[in-house]
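Notes follow once the structure below has been shown.
As the structure lists them, so they are numbered: ligands from 1, and atoms in each ligand from 1.
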Amino acid sequence: MLVLGIESTAHTASVGVVDETAKVLALASSMHRPEHGGIHPREAANHHVDVLPELVGRALEEGRVRPSELDAVAFAQGPGLGPCLRAGATVGRMLSMAWRRPLVPVNHCVAHVEIARVLSGLDDPILLYASGGNTQVIAYARGRYRVLGETLDVGIGNFLDKLWIEFGGTFPGGPALEREALEGRELHPLPYSVHGMDVAFSGMMTATLALRARGVPRPDLAYSVEATAYAMLTEITERALAHLRGEGVVLGGGVACNQRLQGMVRAMVEGRGGTMFAPPRSLCVDNGAMIAWTGLLAHRLGVHVSVAASGVQPRQRTDLVTTPWRESPAERRVAAAPPPVG
Ligand code: AMP
Ligand code: MG
């Protein structure tokens, strides 16, 4: 079984092809990099419209796959930036109609979990999803993936990117701050905002910029920001692991490529006797292969959508989509039963 998946929720347009063993036969990606400032949704969408046809061609060529060999076409339905989502969805609909293959809608956050889950070999891991726009701790419970904790303001990646731009750099800021932080020597206290299972970053932004204005060296600030922000993420992930008595943690999202974050989460998880897994960079960041793989799981159970009903959902929440491939037969019966009265 072969499925082609299209990712276009934010700055990256990507097309992947996977088979039923989760082997990635092809992955072709292109990231929109603005010259100044952050991501503008319309500009990113224009980029995706420009590159997606070529990415589809490249993926088919790289995977040595003919359209007739594909079983379904999957696309990221949400959450994400509206214009960007529509660019990918339009290509998905056209391919589905032209190739006469079913169209499968995929939730982007669920796709991060599923690719990490299959690569890790863990059956029921907790996902720490740390990307540009999203910061969530996700776990499966009774028919759905649930968001156990999340950012109360901006995504961690957006926070790092904005900070780096305030420091005079360009997008993306996360990798640049990681390099800068390696030179950091002094830890400056910054607001540590953990509220139950949630986190917030705007106080840290204000405090860091104030320290910068007072002449604190950039490497020390980069180091302090990483140490504080990643400790916050590690703490809420640990609480989820402790409450669920989970077997392990998988990572997803661009910020999850960060070595310091990986080291902190690994130390925490292994200290509790669990397993930590981070996918290789190409499958940790936004990518078409994770959409294809999750699309394949859904397609096997007949989860398809008509073109007319395939509208994008920029605010689609992780816990609003069903994931029937994860349900036991008993759970499926509960999910199908009418809601209790009264
Ligand atoms: P995503 O939205 O998942 O594609 O990830 C993009 C985000 O990840 C951007 O905000 C980047 O700044 C951030 N990012 C990428 N690599 C790293 C890294 N090594 N450390 C921290 N942040 C990173
Ligand atoms: Mg993502």
Side-chain angles (χ1 to χ4, degrees), residues 5-14 16 27 29-34 37-39 41 44 47-48 75-81 84-85 88 106-116 127-136 138 145 147 150-151 154-167 169-182 184 201 205 222-223 225-234 250-265 278-291 293-294 314 316-318:
I6 300 169
E7 158 62 32
S8 73
T9 57
H11 45 67
T12 296
S14 175
L27 181 57
S29 304
S30 170
M31 183 175 169
H32 169 59
R33 289 174 187 271
I39 299 283
H47 161 268
H48 299 348
F75 73 102
Q77 189 176 32
L81 304 170
C84 298
L85 285 167
V106 169
N107 176 281
H108 175 89
C109 307
V110 169
H112 274 293
V113 188
E114 291 302 348
I115 194 76
L127 173 79
L128 171 59
Y129 176 28
S131 74
N134 296 289
T135 306
Q136 300 180 331
I138 297 173
Y145 283 105
V147 178
E150 64 189 318
T151 178
V154 292
I156 173 116
N158 286 356
F159 159 64
L160 299 174
D161 294 336
K162 189 150 183 277
L163 187 67
W164 186 243
I165 289 166
E166 294 280 351
F167 280 1
T170 54
F171 176 88
L177 279 165
E178 177 169 34
R179 285 190 293 277
E180 190 101 343
L182 294 175
F201 300 105
M205 174 73 112
Y223 168 53
V225 163
E226 282 206 339
T228 311
Y230 299 158
M232 288 160 48
L233 298 185
T234 306
V250 295
L251 300 184
V255 182
C257 301
N258 185 281
Q259 292 301 307
R260 188 185 308 272
L261 176 60
Q262 289 192 7
M264 290 166 80
V265 176
R281 184 173 181 91
S282 62
L283 298 175
C284 201
V285 299
D286 291 352
N287 67 87
M290 70 180 189
I291 304 298
W293 171 242
T294 311
Q316 185 179 62
R317 283 193 57 93
T318 310

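- Summary of contacts: the protein heavy atom closest to atom 19 (N) of ligand 1 is Glu178 OE1, 2.7 Å.
- Protein heavy atom nearest atom 7 (C) of ligand 1, with residue, atom name and distance: Gly132 N, 3.7 Å.
- For ligand 1, the polar-atom distance check finds an N/O of Arg281 within less than 3.5 Å of one of the ligand's N/O atoms.
- In summary, an N, O or S atom of Tyr129 is located under 2.8 Å from the Mg ion (ligand 2).
- Scanning the protein heavy atoms around atom 22 (N) of ligand 1, the nearest turns out to be Gly174 CA, 3.2 Å.
- Listed by atom number, the atoms of ligand 1 under 4.0 Å from Gly157 heavy atoms are 10 (O).
- With contacts defined as side-chain heavy-atom distances shorter than 4.5 Å, the pair Phe167/Leu177 qualifies.
- Residue Arg281 comes nearest to Cys257 through the heavy atom pair NH1-CB, 3.2 Å, listed as atom of the first residue, atom of the second, then distance.
- By the 3.5 Å distance cut-off applied to N or O atoms, Glu226 is not counted among the residues near ligand 1.
- Looking at ligand 1, you won't find any N or O of Thr12 less than 3.5 Å from one of its N or O atoms.
- Put simply, part of Tyr230 is less than 4.0 Å from ligand 1, judged by heavy atoms.
- In this structure, Asp286 is part of the shell of residues with a heavy atom less than 4.0 angstrom from ligand 1.
- Not a single N or O atom of His112, backbone or side chain, sits closer than 3.5 Å to an N or O atom of ligand 1.
- Residues Leu233 and Leu128 form a side-chain contact, since some pair of their non-hydrogen atoms from C-beta on lies under 4.5 Å apart.
- In terms of protein heavy-atom proximity, atom 11 (C) of ligand 1 is nearest to Asp161 OD1, 3.7 Å.
- Using cut-offs of 30° and 60° on the angle between ring planes, the pair Phe159 and Phe201 is parallel.
- Remark: minimum distance from atom 20 (N) of ligand 1 to any protein heavy atom is reached at Asn258 ND2, 3.0 Å.
- At least one heavy atom of Gly173 sits less than 4.0 Å from an atom of ligand 1.
- Minimum interatomic distance between Val154 and Thr151 (heavy atoms only, all atoms of both residues): O-OG1, 2.7 Å.
- Residues Asn287 and Ser282 are not in side-chain contact: their nearest non-hydrogen atoms beyond the backbone lie 4.5 Å or more apart.
- Note that the NE2 atom of His48 and the NE2 atom of His32 stand 8.0 Å from one another [nearest 0.5 Å].
- Scanning the protein for heavy atoms near atom 4 (O) of ligand 1, the closest one is His11 CE1, 3.0 Å.
- The protein non-hydrogen atom at the shortest distance from atom 13 (C) of ligand 1 is Val255 CG2, 3.8 Å.
- At a cut-off of 2.8 Å, Cys109 is not counted among the residues with an N, O or S atom near the Mg ion (ligand 2).
- When rounded to 10 degrees, the angle formed at the Mg ion (ligand 2) by NE2 (His112) and OD1 (Asp286) equals 90°.
- Counting heavy atoms from C-beta outward, Met31 and His47 have side chains that stay 4.5 Å or more apart.
- For ligand 1, the atoms closer than 4.0 angstrom to any heavy atom of Gly253 are 3 (O).
- When hydrogens are left out, the protein atom nearest atom 3 (O) of ligand 1 is Gly254 N, 2.7 Å; that is the closest non-hydrogen contact.
- With values rounded to the nearest 0.5 angstrom, Gln259 atom CD is found 10.5 Å from Glu226 atom CD.
- Side-chain atoms of His11 and Asp286 include no donor-acceptor pair closer than 3.5 Å.
- The shortest side-chain heavy-atom distance between His108 and Pro79 falls under the 4.5 Å cut-off.
- Cys284 places none of its side-chain heavy atoms less than 4.5 Å from the side chain of Ile115.
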